Amino acid sequence: MYEDRAPESVWRGPWWRRSAQRLWRSAGDNGDRGGRPLRLWATEDAVVVVRFDRVQAFRSATGAPLWTWRPPGEEVVALASADVQDGLGLVLHHDDGARETKQYGLTALDLGTGRVEWHRDQDPQDLGSLRDAALGGGRLAVSTGWQQPVLRTLDAHSGETLSERPLPGTRAESASVLLAEPFVLLVKGQGARSRPRLLVTRGTDDEATIKLPPGCARFGERLAVTGDVLAIGLVPTDTDDRDEGTRIAGFSLTSGEQLWDWQGRGSSYATVLAHRGWFLVLHSFGDRLSVLDPADGRAVARRRVRGYGFHSQAAAAGDLIVLGSDSSEDDSRLRAFRWR
């Protein structure tokens, strides 16, 4: 697990910089029904924002528009992959105005050109509710059924079922997929004394349960994985404690054991993503960036990033990080920075 440790020598210049260099900021999308991003992707050449009605790309260095793709007919984008593989981003789309969804479309877009690399139809019977699904790692992961949820993983390209099994235990009230690879499931149990937990599966027999630590009401909405470590926000039970700032915890994917706990200033809401073997945490209303070592949770660098976004989206490529907000109350413009 310690192969991800980030030595101090990787950081050039002072440990603290007053502000990360902002490269560009997009025009405002306020008032645009499709303005809030569902997902951000970043490569060395392109920054791509996924909205329900379009996928739009900009040049990484300047923010100049590159291309725009729109789902066919009256369809909308419902789900986008959490990662980029071989320069491709995946979007799942359907006609949300139909009384019954008879077919989904899964499209792979070349992020450099906007070209459709491949497309296939997806039977909705295999998916259940898209609120309990995730795309990533070349896989489509879903949780279907109410009384006894079934965990199913499909190959995103071929649609072949890779695994299928019932959710372990009998006290689950709901199960939502947070990540497709590894398969991370948020399970909420029945009964007043039950507490949320994360179920992590890798392969057929490799499984770990991450328990919600004492004093916490729930897990945060954003999580990331690098190596054998999963990082996720924790929301305190005491509302007064939420004013103390951001709390991020690291857990072992193998044992489910909590490895470390990190506290940052600002609001209790944070966005965390994995990049180059580190965890990047955007916190304090989206204007501070802390870089954490996954081995022990220590901050190896901090940056200020101009602008704000309470419910922030983030993506990174190389020394570039791009930020957006999926809150209708926040500025929805994209912000691109050189964070190193």
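Not measured: the values here are computed from a predicted model.
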Going through the distances and angles, do Asp319 and Arg276 end up as a salt bridge (Lys or Arg N to Asp or Glu O under 4.0 Å)? CA-CA 10 Å; Asp319 293 344; Arg276 283 183 164 180; 3.1 Å; yes
Original post:
Okay, side chain of Ser60, backbone of Thr43: is any donor-acceptor separation there less than 3.5 Å?
Top reply: yes
Using modelled atom types only, decide if a donor and an acceptor are shared between the side chain of Arg306 and the backbone of Ala20 within a distance under 3.5 Å. no
Taking Thr107 for its side chain and Val91 for its backbone only, find out whether a donor-acceptor pair lies under 3.5 Å.
-> no
Hits for ring-ring contact (aromatic ring centres under 6.0 Å, His included) against Trp67, two or more places apart or cross-chain, chain-then-number order -> none
Here the gap from Leu320 atom CG to Gln21 atom CD, rounded to the nearest 0.5 Å, amounts to 10.5 Å
Nearest heavy-atom contact between Ser143 and Val177 is N-CG2, 3.8 Å
- Begin from the C-alpha positions of Asp126 and Thr144 and carry the test side chain to side chain contact (heavy atoms under 4.5 Å, CB included) through to its verdict. CA-CA 8 Å; Asp126 294 332; Thr144 64; over 6 Å; no
The residue among Thr246, Val272, Asp293 that forms side chain to side chain contact (heavy atoms under 4.5 Å, CB included) with Trp262 is Thr246
| query | Sub-3.5 Å donor-acceptor pair from the side chain of Trp24 to the main-chain atoms of Phe337, do we have one? | reply | no
The side-chain hydrogen bond (donor to acceptor under 3.5 Å, both in side chains) partners of Glu44 (sequence neighbours excluded) come to none
Apply side chain to side chain contact (heavy atoms under 4.5 Å, CB included) to residues Leu179 and Val200 and explain how you reach the verdict. CA-CA 9 Å; Leu179 280 180; Val200 182; over 6 Å; no
Heavy-atom nearest pair, Val49 first then Pro37, reads CG2-CB, 3.5 Å
Please say yes or no: joined through hydrophobic side-chain contacts below 4.5 Å, possibly via intermediate residues, are Leu140 and Val150 part of one cluster? no
Exercise for the section: State, with a plain yes or no, whether a side-chain heavy atom of Ile232 is found less than 4.5 Å away from one of Leu198. Expected result: yes
Between Leu79 and Tyr104, is the side chain to side chain contact (heavy atoms under 4.5 Å, CB included) condition met? List the steps. CA-CA 11 Å; Leu79 198 63; Tyr104 288 101; over 6 Å; no
Q: Look at the side-chain heavy atoms of Ile, Leu, Val, Met, Phe, Trp and Tyr, link any pair under 4.5 Å apart, and say whether Leu185 and Leu162 land in one connected group.
A: no
Exactly one candidate in His283, Arg222, Gln313 meets side chain to side chain contact (heavy atoms under 4.5 Å, CB included) with Thr271; the answer is Arg222
- Message: Under a 3.5 Å threshold, yes or no: a donor from one side chain and an acceptor from the other, between Thr254 and Asp228?
- Response: yes
Tightest non-hydrogen contact, residues Ala274 and Val225, listed as CB-O, 3.3 Å
Q) If we only count heavy atoms from C-beta on, is the Val77 to Asp53 side-chain gap below 4.5 Å? A) no
- Query: Hey, does the side chain of Asp155 reach the backbone of Ser158 with a donor-acceptor pair shorter than 3.5 angstrom?
  - Reply: yes
Residues at least two apart in sequence or cross-chain that pass side-chain hydrogen bond (donor to acceptor under 3.5 Å, both in side chains) with Thr153, listed by chain then number, are Ser163
Distance col, row Leu223:CG vs Ile248:CD1, nearest 0.5 angstrom, shows 10.0 Å
Whether the side chain of Arg54 engages the backbone of Thr68 through a donor-acceptor N/O pair (distance < 3.5 Å, no angle test) should be reported. no
Donor-acceptor check, side chain of Trp41 to backbone of Ala57, threshold 3.5 angstrom: yes or no?
no
*CZ/Arg195: more than 12 non-hydrogen atoms of other groups inside 6.0 Å*: yes
Hits for side-chain hydrogen bond (donor to acceptor under 3.5 Å, both in side chains) against Ser81, two or more places apart or cross-chain, chain-then-number order -> none
Heavy-atom nearest pair, Trp118 first then Leu106, reads CZ3-O, 3.8 Å
Kindly indicate whether the side chain of Leu292, heavy atoms from C-beta on, has any atom under 4.5 Å from the side chain of Val300. no
Does a side-chain N-to-carboxylate-O contact under 4.0 Å join Arg298 and Asp296? yes
dist Leu186:CG -> Leu199:CG (nearest 0.5 Å) comes out at 10.5 Å
inquiry  = With heavy-atom distances below 4.5 Å as the criterion, would you say the side chains of Phe279 and Leu273 are in contact?
reply    = no
>> Below 30° counts as parallel, above 60° as perpendicular, anything between as tilted: where do the rings of Phe251 and Phe219 land?
In response: perpendicular
All heavy atoms of Val50 vs all of Ala80, minimum pair found to be CG1-CB, 4.0 Å
TODO: For Arg333 and Gly324, indicate whether the former's side chain and the latter's backbone hold a donor-acceptor pair under 3.5 Å.
DONE: no
query: Are the side chains of Val229 and Trp260 in touch, meaning some heavy atoms are under 4.5 Å apart?
result: yes
(Q) Looking at Val142, is its backbone amide N or carbonyl O close enough to the side chain of Arg152 to form a donor-acceptor pair, meaning the two atoms are under 3.5 Å apart? (A) no
Original post:
Do Leu23 and Arg338 have side chains that get closer than 4.5 Å, going by heavy atoms?
Top reply: yes
**Electrostatic pair Arg165-Glu207, nearest N-O below 4.0 angstrom** = yes
Quick note, salt bridge (Lys or Arg N to Asp or Glu O under 4.0 Å) partners involving residues 66-92, not counting sequence neighbours, are none
OG1 (Thr101) and CD (Gln125) are apart, to the nearest 0.5 Å, by 10.5 Å
Passes side chain to side chain contact (heavy atoms under 4.5 Å, CB included), Val281 versus Arg288? Steps please.
CA-CA 8 Å; Val281 181; Arg288 287 183 182 270; over 6 Å; no
Sorted by chain and number, sequence neighbours left out, side-chain hydrogen bond (donor to acceptor under 3.5 Å, both in side chains) with Asp95 holds for none
| message | Please report whether the ring centroid of His119 lies less than 6.0 Å from that of His93. | response | yes
In terms of heavy-atom contacts, Ile210 and Gly256 come closest through CG1-CA, 3.9 Å
Rounding to 0.5 Å, atoms OG1 (Thr113) and CG (Leu66) come to a distance of 9.5 Å
Using a strict cut-off of less than 4.0 Å between a Lys/Arg side-chain nitrogen and an Asp/Glu carboxylate oxygen, indicate whether Asp261 and Arg247 qualify as a salt bridge. yes
task: Could you tell me whether the side chain of His275 and the main chain of Gly318 form a donor-acceptor pair under 3.5 Å?
output: yes
Taking C-beta and beyond as the side chain, do Val322 and Phe58 meet within less than 4.5 Å on heavy atoms? no
Rounded to the nearest 0.5 Å, the CG atom of Leu334 sits from the CG atom of Leu40 at a distance of 6.0 Å
Query raised in the report: Just wondering, do Leu88 and Leu111 contact through their side chains at under 4.5 Å, heavy atoms?
Result: no
